[in-house]
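Single-structure report; data block below.
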There are 2 protein chains.
Amino acid sequence: MKKLPRKIITRVLLYIRTLEGLLKEKRYLVSSKQLADITGLSDVKIRKDISNFKKVGRPRIGYKTVDLKRTLENYLLQNNKLHLVIFGAGNLGSAILKYPGFHRSKVKLVAAFDASKAKIGKMINGVRIYPVERAPEIIKRRHADIGIIAVPKERCQEVADYMVLSGLHGIVNFAPCSISVPAKVQVRNMDFTIEFLSLFCDIQK
Amino acid sequence: MKKLPRKIITRVLLYIRTLEGLLKEKRYLVSSKQLADITGLSDVKIRKDISNFKKVGRPRIGYKTVDLKRTLENYLLQNNKLHLVIFGAGNLGSAILKYPGFHRSKVKLVAAFDASKAKIGKMINGVRIYPVERAPEIIKRRHADIGIIAVPKERCQEVADYMVLSGLHGIVNFAPCSISVPAKVQVRNMDFTIEFLSLFCDIQK
DNA sequence: TTTCAATCGTTCCAAATTTCACAATTGAAA
DNA sequence: TTTCAATTGTGAAATTTGGAACGATTGAAA
């Protein structure tokens with residue numbers, strides 16, 4: 001299948017999260033209109049996103065929650081599991097380690113790395129903290145795909161370089177700074193302050 | 001000036017953050033190409049974003065860092081300061097309270113609210129934790145603009161309702177769930193897991 | 001059985017966004 | 001002084017995204 005734009009992928013993941021929620025409430029049928037009400041998106045957009053996969057809805061009825069979820073997951077994740085590692089086990093790192101995200105079965109944080117001797121060997125939410133030097137070895141052994149940066153921004157580029165060296169192909173950067181990496185490595189930046197201010201600008205006018 | 005689309009606003013905030021960094025390194029001139037290298041965006045896009053404001057660059061020379069930063073800030077923030085409150089002072093809430101974002105002078109977290117008796121009265125990073133019931137009063141007194149949701153998702157909608165009731169016009173939701181609010185209230189969702197998985201999908205193909 | 005209302009899937013069009021191409025400007029070097 | 005290379009700013013083309021319209025399908029009700 002053709003590669004989908006990031007925007008659609010992100011929305012589809014939101015649908016999957018929403019479908020998980022509906023399943024917990026034992027709602028086994030759902031229409032694009034209902035999904036639209038929950039997510040705040042338009043029903044047409046949702047149908048169009050879904051139609052990128054295969055015909056799975058039935059007119060007049062809607063979608064079977066279970067089937068739709070499975071269809072979206074199959075196309076997007078293809079039975080693969082995401083193995084994450086995190087650099088930095090401070091306040092933010094610990095919070096991410098304990099983040100109760102959806103889709104536990106597909107996403108697993110497999111190791112944390114920290115420079116502080118005092119933290120090495122400790123566990124947070126079932127994940128062991130290792131010295132940074134062991135990152136290349138552990139990343140290879142655990143087949144980690146993506147690394148999270150949760151270190152102070154002064155260390156950000158240095159850690160990013162080390163992540164690339166260790167063989168990671170994706171980086172989610174929570175530090176409020178830009179990093180420079182080879183083109184083959186994908187980066188997502190999560191700067192809280194930029195989000196706050198951008199919302200602020202929106203509501204000002 | 002005409003209201004800019006959110007995408008441009010977000011990028012301009014990134015430029016401001018970048019310019020702050022350059023100033024710290026005493027770099028007083030910068031070209032769109034250099035900004036492009038740092039941020040990973042294209043130089044044309046950067047010039048076009050900047051041209052929404054006023055002519056501030058000089059051909060062959062580039063932009064004066066200080067002037068460009070001031071211009072962007074003036075148009076976007078207009079000397080206003082952002083007052084934030086946060087609901088939930090658990091792991092994630094504490095991490096946000098300690099987040100070392102840029103632009104400290106314009107962004108201030110003024111109060112935290114938590115349901116746990118044990119936390120009331122404590123301070124985190126200079127911010128006092130209050131009982132949730134005092135939110136409406138404190139939000140009005142401190143002129144808070146935006147509220148952050150950092151509570152478990154089971155409490156998410158309930159807290160969102162309370163935030164709207166308290167007079168907030170913007171919500172940044174860190175819980176992995178959707179919330180329903182009146183149209184006048186703007187919401188930004190920050191679901192870490194969706195970010196991780198969306199990056200994962202990108203690097204898979 | 002026929003009609004009807006709800007809903008999906010899709011085509012076409014409009015709007016937003018990005019990229020391209022290039023004229024205009026400017027300091028530096030010949 | 002003249003030329004040149006670097007850089008800005010911008011109009012137009014290209015691409016992407018979102019929305020409107022609508023035919024097709026389907027179970028329910030008359």
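Residue numbers begin at 1 in each chain, while the letters A, B, ... track the order of the sequences.
Computed from coordinates, the B:R58 CZ to C:dA24 C1' distance equals 15 Å when rounded to whole Å. Distance A:N52 CG to C:dC8 C1': 14 Å, rounded to the nearest Å. At whole-Å resolution of the value, CG in A:L35 and C1' in C:dC8 are 13 Å apart. Atom NZ in A:K33 sits roughly 17 Å away from atom P in C:dG9 (whole-Å rounding). Taking atom CG of B:D43 as the reference point, atom C1' of C:dC22 lies 14 Å away to the nearest angstrom. Taking atom CZ of residue A:R11 and atom P of nucleotide D:dT16, one finds them 15 Å apart after rounding to whole Å. In this structure, A:K45 atom NZ and D:dA20 atom P are separated by 11 Å, rounded to whole Å.
Positionally, the nearest nucleotide of DNA chain D for B:K54 lies more toward the 5' end than for the other of A:I8 and B:K54.
Closest contact between the side chain of B:I61 and the listed nucleotides D:dT26, C:dG27, D:dT8 involves C:dG27. Listed nucleotides C:dT17, D:dT10, D:dG18 differ in distance to B:V44; the shortest reach to its side chain belongs to D:dT10. Listed candidates were D:dG27, C:dT19, D:dG18. Nearest to the side chain of B:S42 is C:dT19. Comparing D:dT7, C:dG9, D:dG18 by their nearest atom to the side chain of B:S31 picks out D:dT7. Set against D:dT25, C:dG9, D:dG11, the side chain of A:P59 has D:dT25 as its closest nucleotide.
Counting non-hydrogen atoms under 4.0 angstrom, A:R6 reaches nothing in the nucleic acid. At a threshold of 4.0 angstrom between heavy atoms, the contacts of A:K7 are confined to the sugar-phosphate backbone, with no base atom among them.
With hydrogens and angles ignored, the 3.5 Å screen pairs a side-chain donor or acceptor of B:N52 with a backbone N or O of B:D49. A donor-acceptor pair under 3.5 Å links the side-chain atoms of A:Q34 to the main chain of A:S31, judged by distance alone.
With A:F53 as reference, A:Y75 is the one residue of A:Y63, A:Y75, A:Y15 to meet the ring pair (Phe, Tyr, Trp, His ring centres under 6.0 Å) rule.
Here A:S32 reaches the OP1 or OP2 of C:dC8: one of its side-chain N or O atoms lies under 4.0 Å away. At least one side-chain nitrogen or oxygen of B:Y63 sits closer than 4.0 Å to the OP1 or OP2 atom of D:dG9. Residue B:K55 places no side-chain N or O under 4.0 Å from the OP1 or OP2 atom of D:dG9. Contact annotation: B:R47 side-chain N/O to D:dG9 OP1/OP2 distance is not under 4.0 Å.
A 3.5 Å limit on both hydrogen-bonding distances identifies C:dT3 as the Watson-Crick or G-U partner of D:dA28.
Within 6.0 Å of atom NZ in A:K140, more than 12 heavy atoms from other residues, nucleotides or ligands are found, so the atom counts as buried in its surroundings.
Side-chain atoms of A:R60 and base atoms of D:dA28 include no donor and acceptor less than 3.5 Å apart.
Nearest approach of A:P131 to A:F113, heavy atoms of both residues: O-CD2, 3.6 Å. Residue A:H83 comes nearest to A:R142 through the heavy atom pair ND1-O, 2.9 Å, listed as atom of the first residue, atom of the second, then distance.
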